[in-house]
Amino acid sequence: MSASDLGDAATGGERGHARSAVARLLERAPAREDLAAAAARLAAGAVEQRGDAASAFVFRLGEEWLGLTTALVDEVLELRPVHRLPHRRDAALRGLVNVRGRLTVCVALPALLQTGPAPAVRGGARRLVVLAAPEGALAFEADEVHGSLRYPLDDVRAVPSTVAHAVARFATGVLPWGERRVGLLDADLLLHALDRRIS
């Protein structure tokens with residue numbers, strides 16, 4: 001047997017010994033103290049996540065950045081033609097839009113929230129946002145979509161008294177977001193107002 005064969009045999013023996021040590025370690029049941037500590041860490045993280053954080057779907061209408069609870073948003077799509085309904089004059093009702101083969105009511109949130117027209121030049125692309133409302137799906141056109149934003153509840157500020165338009169009526173608070181402010185909307189209040197306008 002050559003020196004290299006002896007070296008290989010020794011290395012193989014060391015590998016076998018290392019493998020058996022790893023196998024013994026993995027087969028060993030974890031100590032109760034380790035399990036209890038791991039469970040406590042997971043529980044603390046879950047309480048923290050539930051208790052002091054929330055998630056909002058952030059979008060822009062005109063100059064206003066707004067947020068709705070993420071659970072309400074079903075999907076975001078490219079814009080598509082909106083078919084106006086005859087004899088319906090309410091500015092909050094845009095018409096019907098085809099969403100995956102279903103005719104869906106399309107509403108005009110700027111008319112309800114009085115956010116004003118979108119700026120002539122602005123980055124981002126307009127999108128159709130579909131909401132999973134309890135009374136049936138609703139859609140609206142957003143001038144820009146950021147998407148889901150997770151934030152600490154402690155960051156939410158009161159709605160300033162200087163907010164003059166209807167956003168203040170539907171807002172539960174204002175969230176600082178970089179150099180911007182996001183008006184957090186009360187989803188129940190908004191859907192109730194839309195239901196009254198389009199019924």
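Remark: Arg196 CZ to Leu112 CG distance equals 10.5 Å, nearest 0.5 Å. Summarising the geometry, atom OG1 belonging to Thr172 is positioned 5.0 Å from atom CG belonging to Leu184; distances are rounded to the nearest 0.5 Å. Of the inter-residue distances, the one linking Glu64 atom CD with Leu109 atom CG reads 12.5 Å to the nearest 0.5 angstrom. Distance CZ/Arg169 to CG/Asp186: 11.0 Å, rounded to 0.5 Å. Expressed to the nearest 0.5 Å, how far CG of Leu190 lies from CZ of Phe170 amounts to 6.0 Å. Distance check, rounded to the nearest 0.5 Å: CZ of Arg100 to CG of Asp74 gives 8.5 Å.
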Under the criterion side chain to side chain contact (heavy atoms under 4.5 Å, CB included), I'd like the reasoning laid out for Glu78 against Arg126: C-alpha separation, chi angles, the key distance, then a yes or no.
CA-CA 8 Å; Glu78 299 287 330; Arg126 301 187 75 228; over 6 Å; no
Worked check of side chain to side chain contact (heavy atoms under 4.5 Å, CB included) between Arg197 and Leu93
CA-CA 8 Å; Arg197 295 279 295 264; Leu93 178 62; over 6 Å; no
Verdict with supporting geometry, Val82 and Leu96, side chain to side chain contact (heavy atoms under 4.5 Å, CB included)
CA-CA 6 Å; Val82 178; Leu96 297 175; over 6 Å; no
Side chain to side chain contact (heavy atoms under 4.5 Å, CB included) for Val174 and Val182? Distances and angles first, verdict last.
CA-CA 6 Å; Val174 173; Val182 177; over 6 Å; no
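In this structure, the side chains of Leu113 and Leu61 come closer than 4.5 Å at one or more pairs of heavy atoms. Put simply, the side chain of Leu175 reaches to within 4.5 Å of the side chain of Tyr151, judged on heavy atoms. Put simply, the side chain of Leu194 reaches to within 4.5 Å of the side chain of Leu138, judged on heavy atoms. By the 4.5 Å heavy-atom criterion applied to side chains, Arg181 and Pro160 are counted as neighbours. In this structure, Pro134 and Leu191 have side chains that are in contact, with non-hydrogen atoms separated by less than 4.5 Å. Annotation: side chain of Thr115 is in contact with side chain of Val167 (closest heavy-atom distance under 4.5 Å).
No donor-acceptor pair under 3.5 Å is formed between the side chain of Arg80 and the backbone N or O of Val99. Listed for the Arg89 side chain is no donor-acceptor partner under 3.5 Å among the backbone atoms of Pro86.
Here the shortest heavy-atom pairing between Phe57 and Thr70 reads N-OG1, 3.5 Å. Counting all heavy atoms, side chain and backbone alike, Ala137 lies closest to Thr104 at O-CG2, 3.6 Å. Residues Ser199 and Arg88 approach most closely at O-NH2, 3.7 Å, considering heavy atoms. Across every non-hydrogen atom of Leu77 and Glu75, the tightest pair is CD2-OE1, 3.4 Å. For the residue pair Ala91 and Ala111, the shortest heavy atom distance occurs at O-CB, 3.5 Å. The minimum heavy-atom distance between Asp155 and Pro176, with the atom names listed, is O-CD, 3.2 Å.
Taking a cutoff of 4.0 Å between a charged side-chain nitrogen and a carboxylate oxygen, Glu144 and Arg127 do not qualify as a salt bridge.
Each ring-ring contact (aromatic ring centres under 6.0 Å, His included) pair with one or both residues in residues 83-107, not counting sequence neighbours, would appear here, but there are none. A ring-ring contact (aromatic ring centres under 6.0 Å, His included) check over residues 176-199, counting only residues at least two apart or in different chains, returns the pairs Trp65-Trp177, His146-Trp177. Residue pairs meeting the ring-ring contact (aromatic ring centres under 6.0 Å, His included) criterion with at least one member in residues 94-115: none, sequence neighbours excluded.
Val130 and Val97 end up in the same hydrophobic cluster when Ile, Leu, Val, Met, Phe, Trp and Tyr side chains are linked at under 4.5 Å. Following chains of ILVMFWY side-chain contacts shorter than 4.5 Å, one can reach Val76 starting from Phe59, so the two form part of one hydrophobic cluster. Residues Leu85 and Phe140 share a single hydrophobic cluster, defined by chaining ILVMFWY side chains whose heavy atoms lie under 4.5 Å apart.
Across Val73, Val107, Val105, a single residue satisfies side-chain contact (heavy atoms from CB on, under 4.5 Å) together with Leu131, and that is Val73.
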